[in-house]
Amino acid sequence: MAVIQTRDLSKRYRDKWAVEHVDLCVEQGDIYGFIGQNGAGKSTTLKLLCGLARPTRGEALIFERPVHDPVTRRRVGALIEQPGLYPDLSGRENLRLYAALLGLDSPERQVDEIFSIVGLSATEKKPVKQYSMGMKQRLGVGLALLGGPDLLLLDEPINGLDPEGIREMRELLLRLNRERGLTILISSHILGELSKIATRYGIIQEGKMAEQITAEELAQKCADYLHLRTNQPQKAAALLEQKFGLRRWEMHPDGEMRIYEAADAKAVGQTLAGAGIAVEEMGLHRQDLESYFLQRMGGAQHV
């Protein structure tokens with residue numbers, strides 16, 4: 001089931017399209033990593049999804065209903081940019097206030113439960129302005145959890161955190177996904193961390209979706225492979241498949257062959273030479289997740 005489905009979603013501010021023709025799909029149970037350079041349209045897209053901005057064109061459906069449908073709004077929790085916390089109130093007072101604004105039944109019970117979920121002390125009385133960045137971000141996620149949503153929209157929740165804070169946030173999100181079945185859309189520029197939790201990715205570039213890909217598909221694309229280019233690609237592929245019993249390989253339209261299993265490059269070269277096939281290029285290709293994303297987003301710029 002598609003929890004989020006957008007069609008031609010677009011937002012224009014004056015003469016600039018912040019988001020244009022975005023078709024995005026998030027499946028139930030996903031941890032969807034939303035990636036893009038600064039200014040690519042991540043935050044604008046999230047604002048459109050949680051009703052903080054209205055689209056210029058197109059539509060967004062959440063649980064197959066419009067974003068502004070009251071039923072939809074009750075099922076979505078969001079943390080966009082910075083948590084909307086009252087700095088002079090304690091964490092408990094902040095949660096109580098938001099619970100009252102939402103008109104929740106048994107707010108004290110929910111507040112206690114959320115403190116337990118996000119790993120904060122329910123008896124802590126100091127004001128939020130004295131919280132660390134990590135504590136504020138976890139409390140922000142706690143605010144998003146009020147009312148028991150089925151979908152979380154999180155905009156850069158690990159931005160500015162130290163390594164320990166990042167680890168705690170990662171474990172919290174994994175726990176919410178696995179134990180409570182929450183679908184999570186999370187934007188972040190810390191690609192290494194996203195790769196530890198995401199099941200699906202969306203890459204946005206200059207307001208447009210460049211690619212959507214599952215974690216499994218991405219792992220395959222980032223797998224090490226032997227890159228091979230010859231003057232007779234089809235004959236070379238048939239020969240190597242027969243000689244070495246290759247099963248995991250692919251041929252690209254430009255004649256490049258990629259072998260995704262252990263193969264001795266020297267033996268491959270000798271076999272092809274013996275059959276009169278000239279090797280034009282051959283080498284081991286290595287690519288990690290970060291280099292793949294940077295390549296798809298237009299080069300090694302900050303994201």
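In this chain, residues are counted from 1 in sequence order.
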Is any NZ, NE, NH1 or NH2 atom of the basic residue among [X] and [Y] found under 4.0 Å from an Asp or Glu carboxylate oxygen of the other?
X: Glu261; Y: Arg247; answer: no
X: Arg167; Y: Glu171; answer: yes
X: Asp155; Y: Lys42; answer: no
X: Glu217; Y: Arg200; answer: no
X: Arg96; Y: Glu93; answer: no
X: Arg229; Y: Glu280; answer: no

_Can you tell me which residue among Leu143, Leu120, Asp112, Leu145 is in a side chain to side chain contact (heavy atoms under 4.5 Å, CB included) with Leu95?_
Leu143
Can you confirm whether more than 12 heavy atoms, excluding those of [X], are under 6.0 Å from its [atom1] atom?
X: Tyr13; atom1: OH; value: yes
X: Gln242; atom1: CD; value: no
X: Lys243; atom1: NZ; value: no

*Does some side-chain heavy atom of Lys208 sit less than 4.5 Å from a side-chain heavy atom of Trp17?*
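They are not in contact (no side-chain heavy atoms under 4.5 Å apart), so the answer is no.
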*Please work out whether the ring planes of Tyr86 and Tyr98 are parallel, tilted or perpendicular, with thresholds of 30° and 60°.*
tilted
*Apply salt bridge (charged side-chain N to carboxylate O under 4.0 Å, His left out) to Arg138 and Glu124, showing your working.*
CA-CA 14 Å; Arg138 279 183 283 156; Glu124 179 62 70; over 6 Å; no
